[in-house]
Engineer: 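Structure below; questions to follow.
Both ligands and their constituent atoms are indexed starting at 1 by order of listing. Worth knowing before you read on, the calculation uses all heavy atoms, side chains too, and leaves out hydrogens, waters and symmetry mates.
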Amino acid sequence: MRSLIDIKELTVQEIEELITVAEDIIANPKKYSEVCHGKKLATLFFEPSTRTRLSFEAAMYELGGNVLGFSEAQSSSAAKGESVSDTAKTVSCYADIIAMRHPKEGAPLVASMRASVPVINAGDGGHNHPTQTLTDLLTIHREKGTFENLTIGLCGDLKFGRTVHSLISAMARYKGVKFVLISPEELRVPEYVINEVLIPGGCDYVEVRSLEEHIGSLDILYMTRVQRERFFNEQDYIRLKDTYILDTEKLKKAKNDLCIMHPLPRVNEIAVSVDDDPRACYFKQVLYGKYARMALIMKLLELEVK
Ligand code: NCD
């Protein structure tokens, strides 16, 4: 039995297989509509979510399965002081697979050690978010046809943005990828990402401050929200929140085939006028998230469609 806590647990070949399945689901959705018949997914969300939770639920329904769960810690026994381990053991009695989001880094890992069913990390604090990365990889694959020889700019809150950490871990394994890490000094990518991923991977990366100066070199621009809920001090958040705002003016300097991504929710960092630009991929990305999760649920439940 396998869980998914960190994207690095999947080999490059397994990622390729998941992408192939997701693309087949997009092409032939009917073929998959009963594969999870009789199976249940539990969504245990101790933190707010729209896309991740609802795409997991939609994914399970589209596979013919059922869903149970809670969408806030206050409505679960966590509010009475129950541990994550006990919650995981309990839910293992009711469901075949668990998707868990938690504000504490490592909570889904702890749950996976105690649960008797697979646990999927749906975001743990400012740490990791592997299923967003599968979503992002499917988007990149469909837009660019490859993961190699791409210059990818990650812009905004690279410190607390868990989607950024997981995406860097995944993309660092492909040839010829160049990372342009665009953030204010205070929101630079954590040291562990540099020392445990980028340097050992022999990756080409630069850390810069200006989006305008670098936008012209990018094949992919991954914008992110400043993660207000991870700040200790509201004043710092207010000072940093609007550091980068992508608008149609800045896009004049970008390549014609730039792929603009964002895990969403957006606050201010992409002007609404950008939504009409053909290079805006963030709402397609939302849709791909459902297919990526369908492929992952099937893999972890060891279900195949012939
Ligand atoms: C992201 C998350 O929760 O980390 N959202 C998502 O899952 N699509 C990004 C964010 O909240 O900024």
Engineer: Salt bridge (Lys or Arg N to Asp or Glu O under 4.0 Å) for E269 and K241? Distances and angles first, verdict last.
Structural biologist: CA-CA 8 Å; E269 55 284 345; K241 71 184 171 71; over 6 Å; no
Engineer: In a check of salt bridge (charged side-chain N to carboxylate O under 4.0 Å, His left out) between E47 and each of R162, R53, K104, which one passes?
Structural biologist: R162
Engineer: Give one line per pair: atom of ligand 1, protein atom, distance. Only N/O to N/O under 3.5 Å.
Structural biologist:
from: ligand 1; atom 1: 3 (O); to: R101; atom 2: NH1; distance (Å): 3.4
from: ligand 1; atom 1: 3 (O); to: R101; atom 2: NH2; distance (Å): 3.1
from: ligand 1; atom 1: 3 (O); to: R162; atom 2: NH2; distance (Å): 2.9
from: ligand 1; atom 1: 4 (O); to: R162; atom 2: NE; distance (Å): 2.7
from: ligand 1; atom 1: 5 (N); to: L264; atom 2: O; distance (Å): 2.9
from: ligand 1; atom 1: 7 (O); to: T52; atom 2: OG1; distance (Å): 2.8
from: ligand 1; atom 1: 7 (O); to: R101; atom 2: NH2; distance (Å): 3.1
from: ligand 1; atom 1: 7 (O); to: H129; atom 2: NE2; distance (Å): 2.8
from: ligand 1; atom 1: 8 (N); to: Q132; atom 2: OE1; distance (Å): 3.2
from: ligand 1; atom 1: 8 (N); to: P263; atom 2: O; distance (Å): 2.9
from: ligand 1; atom 1: 8 (N); to: L264; atom 2: O; distance (Å): 3.1
from: ligand 1; atom 1: 11 (O); to: R225; atom 2: NH2; distance (Å): 2.8
from: ligand 1; atom 1: 12 (O); to: R225; atom 2: NE; distance (Å): 2.8
from: ligand 1; atom 1: 12 (O); to: R225; atom 2: NH2; distance (Å): 3.2
from: ligand 1; atom 1: 12 (O); to: Q227; atom 2: NE2; distance (Å): 2.8

Engineer: Please check if atom NZ in K255 has more than 12 non-hydrogen atoms from other residues, nucleotides or ligands closer than 6.0 Å.
Structural biologist: yes
Engineer: Does the cation-pi check pass for R293 over F56, that is, NZ or CZ under 6.0 Å from the six-membered ring centre and within 45° of its axis?
Structural biologist: yes
Engineer: Do other residues, nucleotides or ligands put more than 12 heavy atoms under 6.0 Å from the NZ atom of K89?
Structural biologist: no
Engineer: Any chance you could lay out the salt bridge (Lys or Arg N to Asp or Glu O under 4.0 Å) test for E302 and K299, step after step, and finish with the verdict?
Structural biologist: CA-CA 5 Å; E302 300 177 12; K299 179 178 174 64; over 6 Å; no
